[in-house]
Structure formats: C-alpha cells, structure tokens
Amino acid sequence: MTPAFFDRPAEAVARDLIGAVLTVDGVGGRIVETEAYDGEDPASHSYRGPTMRNAPMFGPPGRAYVYRIYGLHSCFNIVCDAAGSGSAVLIRALQPMEGLDVMQARRGVSARAQLCSGPGKLCQALAIDARLNGAPVTAPPFRLGAATEPVKVAHGRRIGISVAVETPWRFAEAGSPFLSRPMQGKIA
DNA sequence: GGCATGATGGCCT
DNA sequence: GGCCATCATGCCA
C-alpha cells in the first residue's frame, strides 16, 4: 500500500480499508471497522483548525495520528487527503490474525473477539502509542496490505460523538463478530 | 441484558 | 473548569 492510497477523501479511504491487513511488528489482523473524519466535520478534531495536538491531521497523507483520550486510552488514525483538509480515518476494530499470544498478554484477555474490538483496545493490543504519532504507516514497524478478496461493507452512524451524528461515516464488514458494536446500517 | 461510574491526562473556552 | 472519537467493572433486573 502506498501513500497515494490515502491521498483521497477520508470517507473513500475508510471504506477501502475494510479487509486490509494491518500489523505493527508482526502483530495485528484484518481491519473490520473504521470511521472517517474531516475538517468540515464538527465531530472532528480538525474542525477548529490546526493545533499542537491535531497537527498530524494537517500533514501528509499516510501518516499516523495517535492521540490519547480520557487520559488512558490511545486511538489510532491514518491521515488522508493532502491539501490540508484535516481528514483522517479512525481504525476502530481488527479481526486478530497474527501474534494472538502477544495481544492476549498485552490485553490481559484471551477471547479473540475482545482483543481488538474497539479503538482503545486495538492500540493496547498492537502497542500503538504516542511514539508512533506522525510515523508513516507505509513503513516499518507498520505493515499494511490491501484487501485480497471482496468484503461486504456496511455503513452507519459513528460512535461516541454528540454532533454530526447523522453523517454515516462508520464503515464495517457486515456481520463481523469482531466489531466494537454491531452494525446497524445498510450494505454499501 | 442494560445502565451508572471511576480511572486519568491533555486540550479548549 | 469542563469536556472528551474509551474501557472495565459493578449493580440491578
């Protein structure tokens, strides 16, 4: 996967990332849930323009934007669309594939369906933290491979936000048991 | 199953 | 000072 893949609107990238395989130092799995955000979007960190915290969102596409939320959890985004639009895709859930034992140890949980079923959980499982903020996801320790087979993608409302709740920019593999929450949208 | 709550840090008004 | 793109736990039904 090349940086050009990410140089598109976040909503398109978010959809196309479903089924892609993401690992950090060989630990990870298939992306099954994402959300798109951009600078026009009141729910986005980039909505009010660049700040120290959200600076990576206004940088080159294909880089990581990692932030801390509620003081304890990390969330992992991939920056999209150059031209300073402040867009990114939040990775919300993975289907664990590689390094299950490592993820279980980091999470303190053994059930596969709970290792990466949420943005904070997958960061803990893959050991993603502020160290990787701004790092290109197209180079080690990241590995990111496009989906190899067609995936049924559903979309619906995003989770955990209080504004722009009508913007249906959450994408997920239909019927996957590895989601943070069940999908209620329509098949795309 | 659902709902309430605490942990805990940086950013914004 | 208040607000979060969260998670785990505990209580009640």
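Labels below follow one simple rule: chain letters A, B, ... track the order of the sequence lines, proteins then strands, and each chain is numbered from 1.
- Contacts between chain A and DNA chain B, taken as any atom within less than 4.0 angstrom of a protein heavy atom, begin and end at B:dA7 to B:dT13.
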(message) Expected output check: what is the dot-bracket annotation of DNA chain B, where ( ) and [ ] are pairs inside the strand (brackets for crossing ones), | is paired with another strand, and pairs are Watson-Crick or G-U under 3.5 Å?
(response) |||||||.||||.
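- To the nearest whole angstrom, the two P atoms, one in B:dT13 and one in C:dA5, are 14 Å apart.
- Side-chain N or O atoms of A:Arg63 include none that pairs as donor or acceptor with a backbone N or O of A:Pro56 at under 3.5 Å.
- A salt bridge links A:Arg157 to A:Glu166: at least one charged side-chain nitrogen sits closer than 4.0 Å to a carboxylate oxygen.
- Side-chain atoms of A:Arg158 come within 3.5 Å of backbone N or O of A:Ala36 as a donor-acceptor pair.
- Of the residues in residues 112-128 of chain A, those with a non-hydrogen atom less than 4.0 angstrom from any atom of DNA chain C are A:Gly118, A:Pro119, A:Gly120, A:Lys121.
- The distance from atom CG of A:Asp41 to atom OG of A:Ser85, rounded to the nearest 0.5 Å, is 11.5 Å.
- With values rounded to the nearest 0.5 angstrom, A:Phe142 atom CZ is found 4.5 Å from A:Phe76 atom CZ.
- Taking the six-membered ring where tryptophan is involved, the planes of A:Tyr67 and A:His45 are perpendicular, since the angle between them exceeds 60° and thus also 30°.
- Less than 4.0 Å separates DNA chain C from at least one heavy atom of each of the following residues of residues 84-106 of chain A: A:Leu90, A:Arg92.
- Sparse packing is recorded around CZ of A:Arg143, with 12 or fewer heavy atoms of other residues, nucleotides or ligands lying under 6.0 Å away.
- Protein chain A contacts DNA chain C from C:dC4 to C:dA8, reading 5' to 3' and using non-hydrogen atoms of the protein with a distance under 4.0 Å.
- Side-chain atoms of A:Thr167 never come within 3.5 Å of backbone atoms of A:Trp169 as a donor-acceptor pair (strictly under, hydrogens ignored).
- With hydrogens and angles ignored, the 3.5 Å screen pairs no side-chain donor or acceptor of A:Arg170 with any backbone N or O of A:Glu35.
- As judged by a 4.0 angstrom heavy-atom cut-off over every strand, A:Ile161 is placed among residues touching the sugar-phosphate backbone only.
- A:Ser176 and A:Gln95 are not linked by any side-chain donor-acceptor pair at a separation below 3.5 angstrom, with hydrogens and angles left out of the test.
- Checking side-chain atoms of A:Asn133 against main-chain N and O of A:Val66 turns up a donor-acceptor pair under 3.5 Å.
- A:Arg107 and A:Gln124 form a side-chain donor-acceptor contact under 3.5 Å, judged by distance and modelled atom types alone.
- Residue contacts for A:Ser180: at a heavy-atom cut-off of 4.0 Å it reaches no nucleic acid atom on any strand shown.
- Comparing the same atom, P, in B:dT8 and in C:dG10 gives a spacing of 16 Å after rounding to whole Å.
- Interatomic distance, CD of A:Glu33 versus CE of A:Met183, reported as 7.0 Å (0.5 Å rounding).
- Contacts between residues 30-39 of chain A and DNA chain C, defined by a heavy-atom separation under 4.0 Å, are made by A:Tyr37.
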